[in-house]
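Data first, discussion second: the structure below is written as structure tokens.
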Amino acid sequence: MTKEIILTGDRPTGKLHIGHYLGSLKNRVELQNSGNYEPYIMIADTQALTDNARNPAKIRNSLIEVALDYLAVGLDPTKSTIFVQSQIPALFELTAYYLDLVSVARLERNPTVKAEIQQKGFGESLPAGFLIYPVSQAADITAFKATVVPVGDDQEPMLEQTREVVRAFNNAYETAVLVEPKGYFPPKGQGRLPGLDGNQKMSKSLNNAIYLSDSEEELQQKVMKMFTDPNHIHVQDPGHVEGNTVFTYLDVFDDDQARVRELKDQYRAGGLGDVKIKQYLFEVLNKKLTPIRERREEFAKDPAAVYAMLQDGSRKANEVANQTLAEVRAAIGFNYFG
Ligand code: TRP
């Protein structure tokens, strides 16, 4: 039986946080360990450069952090090919061919990119490379003929655009070389973790994230200043659990959901203080994060071995991507010399 191929990845613009874990890393590790897939996991440094062209040091430094986060959560280079986007030249050539099949208007309509452009406030200085990054993402996915792409909910428009590129290419060159992917998303309600401050999204730029690499002390401090119910002032006051970040986290991280229901009842009735419930959440999170933190510290002792792992993964990835590129050139008719 041939295994379905997975391609996914992250931009290295900082360390990964528990929102990333819930939104996609957890799925990737589970899929990897099921043994039913052949996973390719890419650190998307080229994509990260599209809005950091003048700050490559940030990307360079984040590359190893993301690699360590991957190893820490259980991505295993003997089961998954972990590689670096910039080291795979075929991806650039594929991107160039695909760009001719996508209109500027279509790129401007991509809702995820549109929202990012707004949020980053580029105005007239929007880099062309940023606008077209969904097309380079189509190259990433199709170079490996991936059918399964485990990502966060916000990536669905990217997959839609990839499928359009695949259809346009296969149609234009009367071929079946490219394969349409589907997304693989987190369970309902777990796709988006709010930030510590109660903001809709956990993100580095909002400074409201818990990182996989946070120490026990950092974790405790962060949990203790989490947003709860602003009207829950005295221990005996009845409190709200809806929109209360502490309970949102317990909903998704506590394996003992019967206990969470009990705690919610107590909190609603009054008599359960914020400090106590936060201490409980800290213990739940710390139990999950301790093994990750410990594995991370182990791998961090030998950065050279991590780079060697990435180099090896990139070599394997190049073999696969170059094969697809040869087929793509032949489909266009650019195989003049055999
Ligand atoms: N866009 C992803 C992110 O924001 C990274 C990425 C690049 C990716 N190419 C991909 C994800 C292909 C899935 C498939 O981090």
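As the structure lists them, so they are numbered: ligands from 1, and atoms in each ligand from 1. Keep in mind the model is a prediction, meaning the values are calculated, not measured.
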Query raised in the report: Any luck finding a side-chain donor-acceptor pair between K79 and N33 under 3.5 Å?
Result: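 Yes.
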
Requested in this report: Provide the full list of side chain to side chain donor-acceptor pair (under 3.5 Å) pairs with a residue in residues 119-131, sequence neighbours left out, each pair given once.
Outcome: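 Counting only pairs at least two positions apart or across chains, the side chain to side chain donor-acceptor pair (under 3.5 Å) contacts touching residues 119-131 are D51-K120.
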
Report task. Could you list the residues that satisfy ring pair (Phe, Tyr, Trp, His ring centres under 6.0 Å) with F92, not counting sequence neighbours? Result ->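 For F92, no residue satisfies ring pair (Phe, Tyr, Trp, His ring centres under 6.0 Å) once neighbours in sequence are set aside.
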
Query raised in the report: Heavy-atom distance under 4.5 Å between the side chains of M224 and Q279, does that happen here?
Result: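 Side-chain contact under 4.5 Å: yes.
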
**Report entry** Y184/V151 under side chain to side chain contact (heavy atoms under 4.5 Å, CB included): CA gap, chis, key distance, verdict
**Finding:** CA-CA 6 Å; Y184 187 96; V151 278; over 6 Å; no

Query raised in the report: Taking only residues two or more places apart in sequence, or in another chain, which ones meet K278 in a side-chain hydrogen bond (donor to acceptor under 3.5 Å, both in side chains)?
Result: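 For K278, no residue satisfies side-chain hydrogen bond (donor to acceptor under 3.5 Å, both in side chains) once neighbours in sequence are set aside.
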
**Report entry** Every residue of the protein that comes under 4.0 Å of ligand 1, judged on heavy atoms
**Finding:**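 For ligand 1, the residues that come within the 4.0 Å heavy-atom cutoff are L7, T8, G9, D10, R11, M42, A44, Q47, Q137, D140, I141, V149, V151, Q155.
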
